[in-house]
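Sequence lines set the chain letters: A, B, ... in the order given, protein chains first and strands last, and positions in each chain run from 1. Keep in mind the model is a prediction, meaning the values are calculated, not measured.
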Amino acid sequence: MNAGLNQSPLLEVRGLAMHFPVSEGIVLSRKIGDVKAVDGVDFAIGRGETLGLVGESGCGKTTTGRCILRLERPTAGQILFDGQDISRMERKELVGLRRRMQVIFQDPYSSLNPRMKVGDIIAEPIKVHGVEPDAGRRRARVHELLSVCGLDPKFADRYPHEMSGGQRQRVGIARALALDPEFIVCDEAVSALDVSIQAQVVNLLEDLRERFNLTYLFIAHDLSVVRHLCQRVAVMYLGRIVEMADCDELFDNPLHPYTQALLSAVPIPDPRVEATRQFRPAPGEVPSPINPPSGCVFHPRCPMAVEDCKRARPVLRELRPGHWVACSEVH
Amino acid sequence: MNLRTGLWAAGLGLAAVIAASSAGAQTPKRGGTLTYMISADASPSFDGHRETTFATVHAVAPYYSVLIRVPPGNPASTTEFVCDLCTEMAKPADGGKTYTFKIRPDVKWHDGSKLTAKDVAATWNKIVFPPKGLTSARVSYYSMVEKIEAPDDTTVVFRLKYPSAAFIPALADPFTWIYKKETLDKDPHWYEKNIMGSGPFKFVSYAIGQSIKGVRNPDYYHKGQPYLDAIEGIFAAKQSVRVDAIRGDRAAIEFRGMPPSARDELVKEAGKDIFVQDSDWNCGNIITANHKKKPFDDVRVRRALALAIDQWKGAPALSKIAIVRSVGGIVFPGSPLAATKEELQQMVGYWPDIEKARAEARRLLKEAGAENLKFELINRNVDQPYKFVGTWLIGEWKKIGVTVEQKVVPTGPWFQAMRGGTFDVVVDANCQSVVNPALDTSKYLPQTVYPESYGGYDDPKSVELYNKMLYETDPKAQRVAMRAYEKHTLDTMAHAIITPYWYRIVPARSYVKGWKISPSHYLNQDLANIWLDK
Amino acid sequence: MTIVAPNRAAVAGLVEELPERKRSLAGVALNFCRRQPLGTFGLAIVVIMFAAGISAEWIAPYDPEENDFSAMMEAPSWAHVLGTDQLGRDIFSRLVYGARTALIVGFSAAFMGGAIGLVLGVSSAYFGGWFDLLFQRVLDVLMAFPLIILALAVVAVFGTGVFNVILAITIPLIPRCGRVVRASALAVREIPYVDAARALGFGHARIVLRHMVPNVVAPFLIMLSAFVGQAILAEASLSYLGLGVQEPVPAWGLMLQGGAEEYATTAPWIAVFPGLAIMLTVLGISLFGDSLRDAIDPKLRDR
Amino acid sequence: MYRYIVKRLLLAVPTLVGAAALVFVLMRLIPGDICVIRLGSGGAHVDPASVEACRQELGLNDPMIVQFLDFLWSYITLDFGTSMWSGHPVTHEIAARLPVSLQIALMATVIAVLIAIPLGTISALKENTWLDHIVRMVAIAGIATPSFWLGIMSLVLVLDITYLATGKAWMPPIDYVPFWQDPIRNLSIVLLPAITVGYRYSAVTMRMTRSAMLEVLREDYIRTARSKGLLEQIIVNRHALKNALLPVVTLIGIEFAFLIGGLVVTEQVFNLNGIGRLFVQAVQNQDNVLTQALVMLVVVIFVVTNLVVDLLYAWLDPRIRFS
């Protein structure tokens with residue numbers, strides 16, 4: 001599926017599934033089920049594009065990101081990166097991929113090794129991948145990267161705990177850029193930051209995209225940030241994509257009942273409260289991913305649900321040009 | 001023999017009174033319980049035929065009779081043997097190939113039944129010809145025996161393949177307890193876990209690994225004996241525990257032997273309440289170099305190792321802290337076959353001028369290209385006297401520039417190192433019960449002739465000299481032949497270094513009477529003649 | 001990619017001044033001494049023992065391995081300040097040299113056991129899966145063996161000698177360390193910088209050694225101080241059973257073996273001084289280790 | 001709950017098998033075997049033919065794998081074999097020694113708890129005072145002292161003091177008698193070793209009590225209680241101690257499991273016929289069957305104590321539930 005793209009995509013995900021087995025017993029353990037964290041996800045991202053992936057916590061968006069990064073080995077499906085399926089690659093084969101695909105994590109406090117100096121953190125991948133064997137030139141490169149990310153190069157001699165959250169996140173970004181990647185997964189990259197800092201970092205990301213022709217998968221639950229940064233947005237619920245469209249189209253004209261509920265939940269101005277509050281756009285509890293509801297997984301909470309929704313799993317259909325919805329009841 | 005009497009000045013200037021012969025003068029009193037220490041963890045099984053440790057003898061011997069034994073009144077004798085179950089010592093007949101013993105008719109088993117010659121013959125058949133699946137530890141002592149029969153209830157006949165002077169001493173082995181035929185027929189393993197004999201004491205109880213108790217056998221055939229009402233042996237491998245036990249009068253005696261420090265401590269504190277007997281011990285540590293390893297294949301190196309050791313100064317010093325005392329050659333110092341001091345001093349390793357000896361040792365090492373020799377000395381994890389001897393030797397060798405690391409291992413690995421020939425130099429031991437130098441010195445023969453010789457050498461000359469000594473019947477000529485064998489072993493070939501012989505010191509509460517020390521801790525342990533002067 | 005002048009975002013980031021560096025090392029030490037008098041006392045003992053061990057050649061008045069049969073079991077005097085042992089060796093000299101042996105055995109066993117336990121514990125947490133399961137079972141097995149029994153068996157297999165004794169003590173220390181380390185490494189493993197390292201394509205060895213090990217090392221170092229004490233005591237116990245360091249090497253545990261019990265009443269100085277040396281050293285190390293933990297543990301630091 | 005216990009016990013199976021394999025291999029790595037030891041330890045003759053017969057009799061000539069499978073199978077059928085040294089069933093051998101060791105272990109535990117908890121608590125309450133320093137010194141000295149040395153010294157002291165006082169040295173009896181047979185004799189045997197072991201044990205426990213108390217005392221709810229003006233006594237007893245006890249209980253349990261190891265040396269010093277001494281004998285005699293049985297026993301004690309500790313933990317802290 002090549003949803004909504006005119007050119008050949010940089011990344012294409014087909015039928016991606018990630019099931020974590022749940023077993024019982026110790027000596028003779030038997031499998032009693034799966035946590036279906038990701039259960040058949042398809043999307044594609046064009047070069048230079050930013051795709052937002054939104055949903056409640058636990059919907060599988062982070063797992064999707066980790067599968068693409070191959071921090072997990074997906075249970076099923078294909079991940080085509082620049083036309084090459086990386087979903088089954090072994091560790092050694094992945095080394096080349098690592099240079100082209102990077103990640104920025106949510107928590108700037110824990111994503112940096114506290115025992116290493118900032119300079120070493122950024123220099124390490126350059127050294128390991130043999131990009132720049134010369135130590136002096138490597139140091140210069142680190143300084144460049146720091147300034148690109150808006151940090152005084154003197155920070156290279158500091159430890160992460162001597163820096164603020166925003167500064168650390170810039171170090172994280174600099175590290176991600178160190179290998180000169182084409183594609184970056186931003187896993188809730190700004191969620192943990194204060195609003196003012198959030199804006200700065202979002203601006204930085206935007207800026208870097210333009211300058212280095214980067215492609216982002218931007219995973220977030222904060223819709224306003226997504227709207228600011230992304231060209232397209234995919235909405236996930238319980239391991240599946242329920243709606244995907246161009247950013248403005250989705251925000252202005254959400255079709256899936258879940259998206260509608262999501263958008264109707266007004267953000268609370270205080271970012272700290274916003275970041276921590278239970279994000280529950282629809283009535284009822286999110287069902288367990290071990291035994292997801294039959295048919296359409298959203299049907300127990302869906303205001304529009306009909307009897308048929310319990311049976312048939314709705315497919316993602318292109319209702320309007322570039323606007324895909326997985327709901328049998330919207331037309 | 002060689003039982004020392006008189007005053008013995010101890011290291012701390014204390015004197016221990018030893019008056020072994022005076023004990024017999026008093027009339028024995030009846031009654032009382034003797035609590036004695038057994039210096040081991042526990043007897044393995046109760047079957048003397050199967051076991052080799054003195055722990056088994058000390059624990060179980062009082063419950064059994066034997067055919068013949070060393071005289072209880074003179075256990076130090078190396079030549080005299082007396083009857084226990086027989087009525088008279090057998091005379092060799094048939095050119096020394098037949099020995100006929102008459103068995104006492106008045107012997108009862110502890111279960112009340114009568115002991116007959118059939119029991120004796122059955123027992124000896126088990127010892128000499130163990131059925132398959134049964135271990136008999138001393139089979140090799142009896143290789144001359146062809147047949148053992150009991151033609152009637154009072155007669156046992158031993159038929160030999162060839163006449164042998166070693167036969168009667170072997171028959172007096174202290175482990176050869178007589179078992180009941182009926183029981184052996186039912187279950188030859190029965191005596192491993194049970195005790196039922198005809199000895200001076202009846203077995204009462206055994207607390208596993210802790211103690212063994214018995215009471216007087218009223219039907220004992222040696223009339224008047226035993227004097228004690230009851231006995232209790234307590235196992236304690238740790239020396240300090242045994243010393244403390246005697247010190248605190250929790251036990252009256254320990255029969256194996258204690259180091260001088262223990263005696264000094266006891267005498268110092270309890271004075272005349274402690275009575276000490278001591279004797280040279282038919283045990284010694286032998287230093288064996290592995291002839292199969294360089295540079296020990298070189299006789300010069302072996303001689304140098306022997307020359308470095310100042311036996312004459314070391315022995316008296318060591319005797320203050322360890323259970324060793326007399327400098328000797330390959331023959332037990334008390335034996336008529338043993339070398340005199342003058343004879344010893346002619347040999348390498350016993351030179352009176354130690355400086356000259358060490359200079360020679362250095363010269364030999366240099367000549368052999370083994371200066372700055374370094375090696376590992378395997379020793380057994382036994383304090384007394386193994387480790388003391390080892391430490392002393394290392395100090396001596398250091399004086400000729402030889403560096404030695406001592407590697408101490410438990411008994412199993414120690415044996416394995418010797419048997420497997422994986423050592424450089426090892427502290428070996430030779431410990432026999434009945435003093436019999438002609439047989440005891442076979443230890444120094446090549447391994448091809450004597451399997452428990454661990455030097456790994458082949459030496460036809462040595463075998464020739466030994467055989468000459470063995471078959472010599474004239475005592476004087478035998479002594480001369482022994483000197484030649486000894487000189488060859490210790491000097492010419494330097495196959496072994498003999499460290500000072502062990503010295504047995506047995507301190508006891510002085511109310512313990514009647515027991516006499518012997519050169520072996522295996523002998524004279526049925527306790528029938530002990531009485532308490534309380 | 002080429003980089004040009006700082007851009008808009010970069011300028012926006014330069015908002016905070018660089019923070020001041022932490023206190024100097026001397027300041028930290030001084031503060032430690034003031035707050036932890038017991039720890040300082042312990043440190044002093046350890047330093048003295050180290051000094052004794054290092055400069056044994058200059059301090060010891062006699063050769064510690066030289067038997068002197070003319071001076072056996074002499075009570076403390078001016079010639080032999082702590083007396084002589086059963087072979088006439090100067091006890092003070094043997095104690096001084098023994099400090100070297102004790103520290104070598106204690107520290108090598110603790111560090112080797114600690115280091116192997118550290119790497120195994122972290123690897124187990126990092127790799128997870130069957131490796132971790134297997135590792136945990138192996139730990140259970142080894143932990144269930146009493147330390148001294150395991151050491152006894154190891155010595156029985158390999159024989160005595162300083163190196164083998166170190167080995168015998170090291171092996172039982174590995175699981176004790178591995179277990180604690182694994183627990184903290186499991187927490188570290190969940191921290192995103194480990195994921196970041198994986199995403200950057202680093203090898204397993206680099207991730208374990210460079211990213212995980214340094215971050216579990218603080219509790220580990222404190223545990224090490226306890227291990228050093230345990231190792232010294234284990235050596236003494238092994239020696240007591242006759243399977244420790246062997247004569248004539250001067251070692252405290254060895255000095256307590258045989259002689260200690262045999263002459264405990266007639267020549268008590270033979271037993272008393274080595275025992276005191278062991279006690280003081282282990283006491284010093286433990287006091288220091290405890291205070292270090294108090295000083296580092298943030299939960300205990302706030303007062 | 002029962003599911004949890006069953007699960008934990010099942011989890012112990014691989015541990016048991018692993019321990020079995022380890023001790024099996026270890027014992028066979030030791031050079032030599034029980035036959036040369038029993039036939040040769042007297043220092044006399046070791047007749048090769050007798051050694052061979054003995055090896056045959058004890059099954060030491062069977063292939064390793066056969067021996068190991070036999071060993072496992074015998075445990076499955078609950079037949080623990082007979083000691084190669086004495087020929088007695090190992091259950092017999094162990095049963096004879098267990099009472100002494102258990103009595104000392106229990107007495108040491110009681111002594112430890114009685115000393116450690118009050119002193120540890122006081123030490124924490126009076127943190128950084130001279131009292132605290134003294135208690136800590138005493139505690140750490142207990143960990144730092146080689147227990148066998150302490151045993152030797154105390155034994156000598158008893159002998160010397162009684163000698164000086166009465167002119168006749170008194171030492172504890174040497175052969176163990178169960179408490180119900182002769183309480184005085186029993187206690188005079190067991191008390192000294194129990195105190196020796198208990199001191200070290202109490203030292204470990206005291207340290208843990210102190211640090212656990214300190215931690216709890218800094219919790220907000222204790223501060224609240226204090227600020228409310230509650231009596232110190234009540235705070236300590238009702239609030240702090242109860243919560244501080246959790247890690248202390250764990251430690252007591254784990255140390256109890258390790259006590260068997262600690263007894264190895266103490267039983268040597270006092271010549272007690274217990275499990276620890278038997279262990280050393282079995283290893284040194286290379287009595288594989290007995291050593292294996294003892295290791296299995298210790299592992300079982302270890303597993304069971306850990307389980308009991310966890311259950312106790314849950315009982316003390318209702319927040320912990322098993323799932």
Task: Least distance between heavy atoms, Pro31(D) atom then Ala156(C) atom - done: CD-O, 3.6 Å

Task: Distance in Å, Ser291(C) OG paired with Arg136(D) CZ, rounded so as to fall on 0.5 Å steps - done: 5.0 Å

- [ ] Under 4.5 Å heavy-atom distance to chain D, tell me which part of Val138(C) shows up: side chain, backbone, both or neither.
- [x] neither

Open item on the list: As an exercise: rank Asn306(D), Val269(D), Val283(D) by heavy-atom pairs under 4.5 Å with chain C and give me the winner.
Closed with: Val269(D)

Task: Donor-acceptor under 3.5 Å (Trp149(D) side chain, Leu276(C) main chain) - done: no

Task: Shortest non-hydrogen separation from Ala144(D) to Leu283(C) and the atoms involved - done: CB-N, 3.3 Å

Open item on the list: Less than 4.5 Å to any heavy atom of chain C: does that hold for the side chain of Val23(D), its backbone, both, or neither?
Closed with: both

- [ ] Write down the atom of Asp140(C), the atom of Phe302(D), and the distance for their closest heavy-atom approach.
- [x] O-CE2, 4.4 Å

Open item on the list: Between Ile143(D) and Gln230(C), does the side chain to side chain contact (heavy atoms under 4.5 Å, CB included) criterion hold? Intermediate values first, please.
Closed with: CA-CA 9 Å; Ile143(D) 299 162; Gln230(C) 273 187 35; over 6 Å; no

TODO: Identify the heavy atoms of Ile140(D) and Ser286(C) that sit nearest to each other, and give their distance.
DONE: CG2-CB, 3.3 Å

- [ ] With a 4.5 angstrom heavy-atom cut-off, could you sort out which part of Phe41(C) is near chain D: side chain, backbone, both or neither?
- [x] side chain

Open item on the list: Within this structure, what is the CZ-CG distance for the pair Arg137(C) and Leu16(D), rounded to the nearest 0.5 Å?
Closed with: 11.0 Å

Task: CG on Leu233(C) to OG1 on Thr145(D), rounded to 0.5 Å - done: 8.0 Å

Task: Derivation of the side chain to side chain contact (heavy atoms under 4.5 Å, CB included) call for Leu241(C) and Val264(D) - done: CA-CA 10 Å; Leu241(C) 296 173; Val264(D) 165; 4.2 Å; yes

- [ ] Take atom CZ of Phe127(C) as the centre, draw a 6.0 Å sphere, and report whether it contains more than 12 heavy atoms from other residues, nucleotides or ligands.
- [x] yes

Task: Nearest heavy-atom neighbours spanning Ile278(C) and Pro146(D) - done: CG2-CG, 3.5 Å

- [ ] Go through the atoms of Pro37(C) and report whether side chain, backbone, both or neither lie under 4.5 Å from a heavy atom of chain D.
- [x] side chain

TODO: Pick whichever of Leu22(D), Leu26(D), Val280(D) has the most heavy-atom pairs under 4.5 Å with chain C.
DONE: Leu22(D)

- [ ] Could you tell me which portion of Arg28(D) (side chain, backbone, both or neither) has an atom closer than 4.5 angstrom to a non-hydrogen atom of chain C?
- [x] neither

Open item on the list: Just so I know, are the side chains of Phe148(D) and Leu256(C) near enough to count as touching, which here means a heavy-atom distance under 4.5 Å?
Closed with: yes

Task: Contact origin within Met27(D) toward chain C - heavy atom pairs under 4.5 Å - done: neither

Open item on the list: Using a 4.5 Å heavy-atom cutoff, which residues in residues 285-301 of chain D come close to chain C?
Closed with: Val295(D), Val298(D), Val299(D)

Task: Residue Leu287(C) versus chain D: region with a heavy atom under 4.5 Å - done: both

